[in-house]
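The residues of the chain are indexed from 1 along the displayed sequence. Basis for what follows: all heavy atoms, side chains included, without hydrogens, waters or symmetry-related copies.
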Amino acid sequence: VNLVQRTNERNSAGSVQDLKYMKCIVFEDFLLDMEEAILTSSKSAKALFAFTREDQRRVTWKRFQEVLWPRMKVERQKRSSKLQITLEPLVVYTQIRTHIKGSLEAVCAMKPIELEDYLEFATKRCRLTKEQRIETYELYRIYAAFLEEEGRWDDNDRALDIIEAAKWDDGTRINWNRFGGGMGGAWDRVYVDEIQDNTQAEIALFMLVGGLRGNNLMLAGDMAQSVVEGIEFRFEEVRTLLHTFSAGGSMDKSELLARSSIGREMSARKPSLLKVNYRSHAGVLDVASKVLEVLFSHFPGAAKTLPKDKGLLRGPRPLFYHVSQDTALSILASNQSYVTLVVDADREAELTRMQPDENDKSTVLTIRDAKGLEFPNVIIYNFFSHLLGANREQHKSWVGMLSRSTDAHAVDPQFQYQHPELEGHIKLLYTAITRCCSQLVFVEVKSNANNAGERFFRFLVEGELGHKQT
């Protein structure tokens with residue numbers, strides 16, 4: 001997040017001078033700054049933020065998956081033994097974080113949305129069936145009860161509390177001065193990169209620090225790289241957010257903004273598209289585009305369909321290795337200049353331990369940690385084996401996707417509802433591929449279960465997009 005403030009002041013000599021105050025911070029520090037600004041200007045806000053420092057009570061994706069999800073399944077089974085849970089935990093977590101607690105409707109109501117409102121979401125916005133949404137909401141109710149009973153909180157609770165505490169002490173409207181920079185008042189410019197990592201509630205915070213003036217926001221992102229756990233992002237919803245918070249929106253929904261006279265200044269231009277990729281050459285971009293074709297054909301609406309990225313130069317096609325564990329480690333050891341990308345932190349730690357020689361260890365990062373970065377040479381290591389494990393059903397689904405035509409008309413429309421978790425898998429693969437500037441290498445360890453990795457290699461070789469190595 002980059003914040004800029006400008007003003008004109010007279011110096012001691014009496015002449016007018018331009019002053020500029022700028023701050024560039026990561027999102028967590030941005031939240032801490034907002035909380036600090038409220039704490040120093042409002043006694044009533046102190047109780048609101050007492051919990052935000054207690055990280056052990058914060059529900060992250062990892063804590064949701066490892067601590068709460070097993071208990072949620074048990075509790076759901078107690079309530080109705082006949083009902084089976086059909087959704088993956090990440091799908092449920094995403095629906096809670098993005099829609100039930102982090103949507104515009106939740107911001108306007110200052111609380112999670114009701115089931116009736118959730119069921120009314122358009123299918124382009126929420127790509128679950130009615131039955132899947134009802135199942136999700138049942139699980140959300142169990143999740144919310146656990147949070148209340150155990151004093152836990154999640155990032156949506158934090159965002160809504162900041163918005164609530166931002167009002168004047170009479171509770172009627174926003175006090176913009178609480179978020180001012182070094183020169184007081186609202187920020188004149190707010191620049192945010194990787195905007196696809198944020199919910200609507202969090203994007204509302206960027207609008208607050210800018211004084212709810214939509215024309216001073218600069219948001220950049222890529223929907224196809226929306227890989228942060230719990231986030232489903234669409235640029236269309238940013239425009240909806242701006243419209244609702246303006247005089248043209250439905251102000252009766254939101255007491256928070258009922259008296260905001262600056263709302264009339266808010267507007268949103270159509271997103272500008274960047275069609276030339278200055279990072280990667282065509283050899284890498286062709287593979288990335290092929291992966292996007294799979295995404296667009298099987299999950300319409302998952303990301304905006306755009307023209308293929310154009311690289312300024314041709315370059316080497318990716319290499320593919322389907323080898324034993326020992327050979328895979330040997331490849332990493334002999335390519336120390338390459339950055340190795342893996343699917344999660346557990347695999348990162350495991351692979352780092354498996355490289356025996358401290359001097360021969362390659363740099364290992366998770367794909368999510370690498371997002372926003374670029375490297376000359378990249379190895380994507382064991383993507384399918386690690387992501388899918390021994391889940392033969394998901395391997396089968398991936399094989400099916402890669403075997404079919406990427407023509408959307410040839411794909412069963414029900415596929416996106418039957419396998420919603422695969423959308424995130426494809427976006428994760430696309431993000432990993434696009435970290436590479438020059439030489440891209442895929443390494444998969446042979447196993448009985450890894451049908452998806454083998455089919456992916458064949459998929460790219462058949463399209464003359466890469467070379468399989470032996």
Side-chain angles (χ1 to χ4, degrees), residues 280-291 294 314-344 346-357 359-367 369-370 373-392 394-396 398-399 401-403 425-426 428-470:
S280 307
H281 57 69
V284 172
L285 295 178
D286 287 347
V287 175
S289 295
K290 198 67 177 175
V291 170
V294 175
R314 295 300 305 175
R317 294 175 183 174
L319 305 177
F320 310 103
Y321 291 90
H322 199 199
V323 294
S324 67
Q325 180 73 73
D326 290 342
T327 303
L329 293 176
S330 176
I331 292 171
L332 299 188
S334 60
N335 292 280
Q336 294 179 51
S337 63
Y338 285 60
V339 171
T340 302
L341 301 183
V342 294
V343 296
D344 57 37
D346 290 340
R347 303 301 181 178
E348 177 187 8
E350 175 188 329
L351 184 57
T352 301
R353 286 195 306 269
M354 289 172 67
Q355 298 181 74
D357 191 335
N359 297 321
D360 288 338
K361 285 187 177 181
S362 60
T363 301
V364 182
L365 295 172
T366 69
I367 296 170
D369 286 344
L373 304 176
E374 60 183 59
F375 310 99
N377 305 311
V378 169
I379 294 174
I380 300 176
Y381 181 76
N382 241 7
F383 178 85
F384 293 97
S385 293
H386 287 166
L387 188 67
L388 308 181
N391 189 326
R392 293 188 178 277
Q394 289 193 1
H395 277 278
K396 183 178 177 181
W398 261 97
V399 170
M401 280 197 306
L402 298 172
S403 301
H425 295 182
I426 302 171
L428 198 64
L429 178 59
Y430 171 77
T431 301
I433 292 169
T434 52
R435 299 311 91 209
C436 180
C437 301
S438 183
Q439 182 64 69
L440 178 62
V441 178
F442 293 88
V443 176
E444 288 282 333
V445 174
K446 287 182 178 179
S447 70
N448 294 330
N450 197 2
N451 301 322
E454 187 176 341
R455 185 62 187 88
F456 178 70
F457 291 172
R458 195 159 72 248
F459 171 73
L460 295 182
V461 170
E462 288 169 354
E464 299 183 346
L465 298 174
H467 301 292
K468 186 172 182 179
Q469 307 296 297
T470 57

_Gap separating the CD atom of E454 from the CZ atom of F384, nearest 0.5 angstrom_ = 12.0 Å
*How far apart are the C-alpha atoms of Q439 and L319, what are their side-chain angles, what is the distance that settles it, and do they pass the side-chain contact (heavy atoms from CB on, under 4.5 Å) test?*
CA-CA 8 Å; Q439 182 64 69; L319 305 177; 3.8 Å; yes
*Nearest heavy-atom pair of S403 and R455: which atoms, and what distance?*
OG-NE, 3.1 Å
*asked:* Quick check for you: to the nearest 0.5 Å, what is the distance between N382 atom CG and Q325 atom CD?
replied: 7.0 Å
_Any V291 side-chain heavy atom under 4.5 Å of I433 side chain_ = yes
*In a check of side-chain contact (heavy atoms from CB on, under 4.5 Å) between V443 and each of I331, T327, L329, which one passes?*
I331
*State the NZ-OG distance between K446 and S385, to the nearest 0.5 angstrom.*
12.5 Å
*Taking atom CE of M401 and atom CD1 of I426, what is their separation to the nearest 0.5 Å?*
4.0 Å
*So which heavy atom on E464 is nearest to which on R317, and how close?*
O-CZ, 3.2 Å
*Side chain to side chain, I380 and L440, heavy atoms closer than 4.5 Å*: yes
*Is the backbone of V339 close enough, under 3.5 Å, to the side chain of T363 for a donor and an acceptor to pair up by distance?*
no
*Note, Y381 side chain near V364 side chain (heavy atom, < 4.5 Å)*: no
*Grab the two heavy atoms, one from P316 and one from S438, that are nearest each other, plus how far apart they are.*
CG-O, 4.1 Å
*Between H425 and W398, is any pair of side-chain heavy atoms under 4.5 Å apart?*
yes
*asked:* Is there a side-chain contact (heavy atoms from CB on, under 4.5 Å) between Y338 and L332? Walk through the geometry before answering.
replied: CA-CA 8 Å; Y338 285 60; L332 299 188; over 6 Å; no
*Does E444 offer a backbone N or O that forms a donor-acceptor pair with the side chain of H322 under 3.5 Å?*
no
_Validation row: L465, F459 side chains within 4.5 angstrom (heavy atoms)_ = no
_Closest contact, heavy atoms only, S324 versus V445_ = C-CG1, 4.2 Å
*Do NZ/NE/NH1/NH2 and the carboxylate oxygens of R314 and D286 come within less than 4.0 Å?*
yes
*Can you name the nearest heavy-atom pair linking A370 to R435, along with the distance?*
O-CD, 3.3 Å
*Do L351 and T340 have side chains that get closer than 4.5 Å, going by heavy atoms?*
yes
*asked:* If you compare all heavy atoms of A288 against all heavy atoms of T434, which two are closest, and at what distance to 0.1 Å?
replied: CB-CG2, 3.8 Å
*Using atom types as modelled and distance alone, determine if a side-chain donor or acceptor of S330 lies under 3.5 Å from a backbone N or O of D326.*
no
*Using ring pair (Phe, Tyr, Trp, His ring centres under 6.0 Å) as the criterion, point out the one residue from Y321, F320, F383 that pairs with F457.*
F320
*Do the side chains of L365 and F375 get nearer than 4.5 Å, heavy atoms only?*
yes
